[in-house]
A.B. asks: 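Next up is a structure, given as structure tokens.
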Amino acid sequence: MKKYKAVIVGGGSTWTPGLLKSLCERQADFPLEELRMYDIDAERQAVIGEFAKVLFAEEYPELKFLYTTDKAQAYKDVDFVFCQIRSGGFDMRMLDEQIPLAHGVVGQETCGAGGFAYGLRSIPDMIQIVRDAREYAGDPWILNYTNPAAIVAVALERVFPGDRKIVNMCDQPVNLLESFAKALGIRRQDIIPEYVGLNHFGWFTRLTDREGNDLLSPLRERILSDGFLPADAAERDASWLHTYAMVQTIMRDFPDYVPNTYLQYYLYPDQVVARLDPDHTRTEEVRNGREKRVLTQCRQAAAQGSTRGLTIARSEAHADMIVEVASSIALDKGESFIMITRNNGTVANFHEDAMVETVARVDAGGVTAAPFGRIDVFMKGLMEGQYAYEQLTVDCYFEGSYKKALQALTLNRTLVDAQKARAVLNDLIDANQRYWPELK
Ligand code: NAD
Ligand code: G6P
Ligand code: MN
């Protein structure tokens with residue numbers, strides 16, 4: 001059986017240990033000859049790279065492994081590129097959250113003005129990664145989940161139109177499916193979903209078991225009566241528990257479908273702003289939680305020469321999805337995943353060129369969405385505004401246009417008021433001078 005070469009771009013990511021573990025557990029499904037890690041931050045990546053050596057000695061001894069900050073060495077001859085970078089790091093994420101909140105509007109990593117700011121930083125870096133990968137590796141598969149995945153997907157589609165070897169994905173639908181399964185007391189694999197929307201802006205419109213029996217109605221009853229928790233609630237920070245709980249609020253108002261949790265920011269922006277504290281945003285929680293845990297335990301693994309007793313050395317839905325998608329491509333399995341892909345008529349009454357998120361078949365030819373049919377007026381109205389925001393954000397980047405930036409933010413449901421949008425935009429411009437093109 002062919003064995004593959006892969007590189008993780010953003011090797012220093014807090015998500016890397018989980019991905020490494022999942023690669024170990026799925027050796028038979030996605031056989032690797034060589035794995036590399038690449039990052040622009042040598043010091044940060046080295047901590048995780050040393051953990052990787054210990055983990056692979058235990059679980060993947062024949063795997064060739066290296067970590068590097070040299071592009072040529074990183075990409076040479078790889079078959080798969082996994083992208084998980086954070087342009088600007090957590091310092092800039094903090095500002096993406098704080099600046100909008102200082103103006104009384106939602107400040108979030110991927111949604112609203114924060115997502116806009118992060119998008120303008122991620123676009124050039126992701127374009128560069130695709131170009132570098134192709135320069136040094138020929139034509140590898142590029143699996144991207146760098147956020148804001150919605151904006152990155154639209155921008156990459158602009159630069160590399162119709163490119164089937166660029167694959168865009170997000171783990172939130174599968175996290176939700178895991179949570180539905182737990183609420184219903186069944187296995188995630190036994191739920192057949194229908195899902196539609198844009199990334200971080202979608203709905204489960206149908207859930208059935210393998211015999212076609214409706215599962216959405218019993219799930220709705222359960223959520224309305226008992227609330228809603230993530231499948232891995234015990235490991236979640238308080239803000240994520242709150243986010244999942246908001247699914248009940250959304251379903252009280254709009255019971256037809258089960259929403260993606262990110263819709264809370266668009267449907268209840270005032271309530272979200274009232275809850276968030278500009279002095280203690282999600283970045284602080286991540287740095288004190290996931291980041292600290294990962295870096296501390298990686299150092300511990302290197303010091304003790306083993307991964308025994310460490311909680312980060314376990315695969316999770318996020319990592320499992322990435323490896324399963326890679327496996328489905330490599331082994332031409334044709335498995336179903338909820339993916340971000342060009343609409344091409346999948347949603348019959350929506351723009352052909354929109355990057356929609358929906359159920360898709362993944363095989364050696366790439367990602368092919370299953371026909372969805374028509375979306376209803378409420379969804380269409382919401383998605384039209386969000387799609388226009390995505391398009392204008394990407395236009396703003398390529399044209400260096402202040403006007404498009406202001407239009408994008410004004411259309412975003414987390415802002416709405418054009419004067420607020422202008423004030424937030426001006427502060428974001430000041431904060432992002434090192435990263436953004438000049439907006440005129
Ligand atoms: P992190 O800051 O811990 O890790 C990112 C790493 O990328 C850092 O080590 C950084 O030095 C490196 N990096 C930054 N720019 C780079 C570049 N141009 N080239 C190479 N490396 C670069 O962040 P994190 O919290 O672990 O998240 C990583 C990314 O994964 C983020 O974009 C996050 O939003 C994304 N993510 C997406 C999903 C999804 O559903 N799509 C799920 C989880 C994480
Ligand atoms: C979900 C989203 C991702 C996001 C992740 C972590 O899985 O789908 O896009 O990156 O949560 O968010 P956090 O706030 O914990 O960094
Ligand atoms: Mn996501």
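For ligands, and for the atoms within them, numbers begin at 1 and follow the listed sequence.
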A.B. asks: Do NZ/NE/NH1/NH2 and the carboxylate oxygens of Glu178 and Lys182 come within less than 4.0 Å?
C.D. replies: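 No, no charged N to carboxylate O under 4.0 Å.
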A.B. asks: Should the heavy atoms of other residues, nucleotides or ligands under 6.0 Å from CZ of Arg220 be counted, would the total exceed 12?
C.D. replies: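 For Arg220, atom CZ is crowded (more than 12 foreign heavy atoms under 6.0 Å).
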A.B. asks: Angle class for the Phe204/Tyr195 ring planes (parallel below 30°, perpendicular above 60°, tilted otherwise)?
C.D. replies: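 Because their plane-to-plane angle is over 60°, the rings of Phe204 and Tyr195 count as perpendicular.
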A.B. asks: Tell me, please, which residues at least two apart from His103 pass ring-ring contact (aromatic ring centres under 6.0 Å, His included).
C.D. replies: none
A.B. asks: Got the residues with a heavy atom under 4.0 Å of ligand 2, by chain and number?
C.D. replies: Trp15, Arg93, Glu109, Asn147, Cys170, Asp171, Gln172, Asn175, His200, Trp240, Tyr262, Arg282, Val286, Arg290
A.B. asks: Any idea which residues sit under 4.0 Å from ligand 1, heavy-atom distances?
C.D. replies: Val9, Gly10, Gly12, Ser13, Thr14, Trp15, Tyr38, Asp39, Ile40, Asp41, Arg44, Gln84, Ile85, Arg86, Phe90, Glu109, Tyr118, Asp125, Tyr145, Thr146, Asn147, Met169, Cys170, Asp171, Arg290, His318
A.B. asks: So do the side chains of Pro148 and His200 get within less than 4.5 Å of each other, counting heavy atoms only?
C.D. replies: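 Heavy-atom side-chain distance check fails, nothing below 4.5 Å.
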A.B. asks: Are any of the side-chain nitrogens in Lys165 or Asp79 under 4.0 Å away from the carboxylate oxygens of its partner?
C.D. replies: no
A.B. asks: Is there side-chain contact between Trp436 and Arg121, with at least one heavy-atom pair below 4.5 Å?
C.D. replies: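 Yes; the side chains approach each other to less than 4.5 Å.
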A.B. asks: Can you name the one residue among Ile142, Val159, Val81 that meets side-chain contact (heavy atoms from CB on, under 4.5 Å) with Val130?
C.D. replies: Ile142
A.B. asks: Using ring centroids (six-membered ring only for Trp), state whether Phe372 and Phe350 fall under 6.0 Å.
C.D. replies: no
A.B. asks: Which residue in the set Glu194, Glu357, Met383 passes side-chain contact (heavy atoms from CB on, under 4.5 Å) when paired with Trp203?
C.D. replies: Met383
A.B. asks: Report the protein N/O/S neighbours of the Mn ion (ligand 3) that fall below 2.8 Å; do not count waters.
C.D. replies: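 As for protein N, O or S atoms lying under 2.8 Å from the Mn ion (ligand 3), they are Cys170 SG, His200 NE2.
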A.B. asks: Give a yes or no on this: more than 12 heavy atoms of other residues, nucleotides or ligands lie within 6.0 Å of atom CD of Glu43.
C.D. replies: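 No - once you tally the heavy atoms of other residues, nucleotides and ligands closer than 6.0 Å, there are 12 at most.
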A.B. asks: Can we say Glu291 and Arg44 salt-bridge, meaning some charged N sits less than 4.0 Å from an Asp/Glu carboxylate O?
C.D. replies: yes
A.B. asks: Could you tell me whether Phe65 and Tyr60 have their ring centroids closer than 6.0 angstrom?
C.D. replies: no
